[in-house]
Enquirer: 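Before we start, here is the structure in question, set down as structure tokens.
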Amino acid sequence: MSLVKSISKTKTRKEHPRMRRYLDSLKYAKYVIFHPFDGFWDLVHEKRGTLGAAHTFLAAFLLTYVMKLMYTSFQFNGAPIHYINVYERIASLLLPFLVLCIANWALSTLFDGKGRFKDIYMAMCYALVPYVIIQIPLILLSNILTFDEGSFYNVLDVISLVWCAFLAFVGLMEVHDYGPGKTIVFIIATIFGALVILFLLLVFFSLLSDAFGFFVSIYREIVFRLS
Amino acid sequence: MTVKKTKRLMAFMCVLILMPMSLANAAEDGAHSTYTYNYDYWEDIRESPDAYRVAAVIRSSDLDLGGTDLSAPQSLFALDDKLYIADRGNNRIVELTRKGQDFICTRIIDHAVVPDDLREEFLKDTDLMLAENGRRYRDEAGNLYLKPAANSSAELGPMILTPEGITNLNTPNDMAVVVMKDEDGTETRYMWIADTNNNRVLKIDITGDEPVFVRQFVKPTDATFDQNQAFLPNKIVVDSSGRVFVQATNINKGLVKFESDATFTGFIGANQVVYNLWDYIWKTFFTTKEQRSQQASFVPTEYQNIYIDKNGFIYATNISFSEYDLLYDNAKPIRRLNAVGTDILIKNDHYPPIGDLKWVEQSTDHGPSKFYDITVLDNDMYMAIDRTRGRIFGYDPQGIMLWAFGMSGVSSDGSFNRAVSIEHMGYDLLVLDELDCSVTVFTPTEYGNLIYQASEEYLDGQYDQSAETWQEVMKYNPNYTLAIIGIGRSEMREAAELSTTQERIAKYADAMEHFKNAHDRENYGRAFRYYRKEWVEQNIWWIVLIVAALLVVPVIKRSVQKIKWEVAAYESRQVHK
């Protein structure tokens, strides 16, 4: 038996340890989505996840979203394909995602949440995995199904979203070591926090442009006086 | 810049500004354009060729109306070649007869003669009460004011009789005419008049020269009818058996329904109460009882106008709703009521039939379309006239918008100041303007006729002919959704009859392409189902092969692995020996 093992071991290619860790953390997503309570705890507290994998999942999620818009059969696709701006669509998902992560981090730090920003970001990215693994086959399926058979498509579509939402919920719970009630409260608080961040950003940029305009007008005045 | 230069520039700019207007006003053939358009899938306006053109404008002064012009006319009713106008301001009904595009006044109805026997019955019934409470008195002019006893069996209602034994009209708002046949084949022409300020619907016999009083439909004595309210019939429709449906002012329980013998049989089609959640919360929790009693309560609204189609369905329009109600189709500005008053209007387009989907918010005529009247053609297409922007909206029986045209305000043919009524004679549309006291006659253009023809051919089951006609429509307007769908449908049918799989697949693909262009998902799904079937049949061997490969490859792979291991184990055993 040991012989067989030694043979198979010699066959695996030599891998860089970091690469190896990255691949392992990618594979770990399978465990996380099917065993979220255990999975998310180990993901953060046992260092089973990597930031690289998290970035990969986020990128895959955004790519899937765009592919869904572009390649879903016309029967199930309400998107105005000739008006779509891909970058705008990506930004309209990515920015809220990041702002919500920041808001959650900012609030949970104040109320003894265990998670660091890195942990929250990682958990949220891992929670997006079901979307990718359901939506990509769904794009193919949409090109085989007819309009009357659309219920199959719609059910899977809803499942992918519900699964993601559930994972995000469990993820936050495990990362911060909160109970379910507290997590719900913090999810609501996070949404308000995100709105506050957006408001502050707006104020900041409008003040910045005013300040900038002020210096520009001083410069123009000086140039005008001198010439 | 010199003065001359400035002047020249200004003149040039004037030309620039006016040029598109003058160009737009005259269509290619020199006729007056009606600014026809439609909405596409993205709810954007698509201009289209004119479906209707103004054929004639009948002005009150052009008609020989016995010396008095029309005054605030309210309603039109067309039957065969006769057109009736409710001339409210002059308390009369004007009958016009159409000869080609000319209309001549053939009759003026402003009274009805009460036959002697009816008058006797009436007087007999009221005579008894004379002394007690003055149910009957005579004014200085000799008019007899009659009011029957409350327990009177003859539902004659109150009436003013002149010394000559006739009864006059008082602000007639609407009328309806039905020709009824006896068993022996004699035709009788009956007219019902919404005689508003006489609080009655008057039924008269207009077969002969002298209009004869037949019956009047008065305020029901039923408990469901609020006895404190005056009965003010505003709009009426009459079905082929003589049942009368009345839209009465201040009655919000729906249409008042009378049997042909004037018995009241209830209300039908009450408008649902429309309110939004915020109003409800505010009124329930944040207002005191005193405040609430001062505010308007949630009450259903009245219909604006009604029309009865040839199958006996009542089309009703509703104008009292807010823009917000249109959002989730709570407003239902057009309804089709069945015998029990349920709305059964078919809405198969991406948006319900609500008129304009977009308007310029800053303009003077902003806001949703308000349909003041509706008419249903014999092919079940319906046209509604909007007062907000003076436009006529046409929809097919499936609720798909055919076209919109017309405008308001401008004093040119085909525009309205205050359109109050729309009627049809065949395919021609007639629109009555209350302020201009004129009737505008629209006749369909070649393009409009083709659309009608194609739709009717399709409904008749002449699918191939219909597709050809749609091809003709496409030549006029390549963006016309109905035409694209029509062609797609015919391609789908053609494909089934083709001999080779290859051709069938190609034809179904064409059909799918057309449905995709028209954003018709259901028909696309239908075509795709056939396409998929043909495709699978054609490629069945490939599919079997791929599935087999997917099943077999892992098995082979595993057994190869096993052999390799065994070989390696054998070799190492040899080495260690």
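Numbers restart at 1 for each chain; the letters A, B, ... are given by sequence-line order, proteins then strands.
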Enquirer: Please check if atom CD in Glu323(B) has more than 12 non-hydrogen atoms from other residues, nucleotides or ligands closer than 6.0 Å.
Expert: yes

Enquirer: In terms of heavy-atom contacts, does CE of Met70(A) have more than 12 from other residues, nucleotides or ligands at under 6.0 Å?
Expert: no

Enquirer: Say you draw a straight line from OG1 of Thr146(A) to CD of Glu522(B); how long is it, rounded to the nearest 0.5 Å?
Expert: 11.0 Å

Enquirer: Taking all atoms of both residues into account, what is the closest heavy-atom pair of Tyr524(B) and Ser73(A), and its distance?
Expert: CE2-OG, 4.4 Å

Enquirer: Output, in order, the C-alpha distance, side-chain angles, deciding distance and verdict of side chain to side chain contact (heavy atoms under 4.5 Å, CB included) for Glu149(A) and Arg529(B).
Expert: CA-CA 10 Å; Glu149(A) 299 149 359; Arg529(B) 183 194 293 276; 3.8 Å; yes

Enquirer: With a sphere of 6.0 Å drawn around CZ of Phe192(A), does it hold more than 12 non-hydrogen atoms of other residues, nucleotides or ligands?
Expert: no

Enquirer: Would you mind checking if Arg526(B) and Asp148(A) are paired as a salt bridge, meaning a charged N to carboxylate O distance below 4.0 Å?
Expert: no

Enquirer: Quick check on Asn523(B) against chain A: is it the side chain, the backbone, both or neither that has a heavy atom closer than 4.5 Å?
Expert: neither

Enquirer: Keeping Arg521(B) on the side-chain end and Phe74(A) on the backbone end, is there a donor-acceptor pair under 3.5 Å?
Expert: yes

Enquirer: Does any heavy atom of chain A fall under 4.5 Å from the side chain of Tyr531(B), the backbone, both, or neither of them?
Expert: neither

Enquirer: Do other residues, nucleotides or ligands put more than 12 heavy atoms under 6.0 Å from Phe199(A) CZ?
Expert: no

Enquirer: With sequence neighbours excluded, give me every ring-ring contact (aromatic ring centres under 6.0 Å, His included) pair touching residues 534-553 of chain B.
Expert: none

Enquirer: Tell me, yes or no, whether the heavy-atom count around Tyr530(B) atom OH, taken from other residues, nucleotides or ligands under 6.0 Å, exceeds 12.
Expert: no

Enquirer: So Phe528(B) and Phe147(A), do their side chains get closer than 4.5 Å, heavy atoms only?
Expert: no

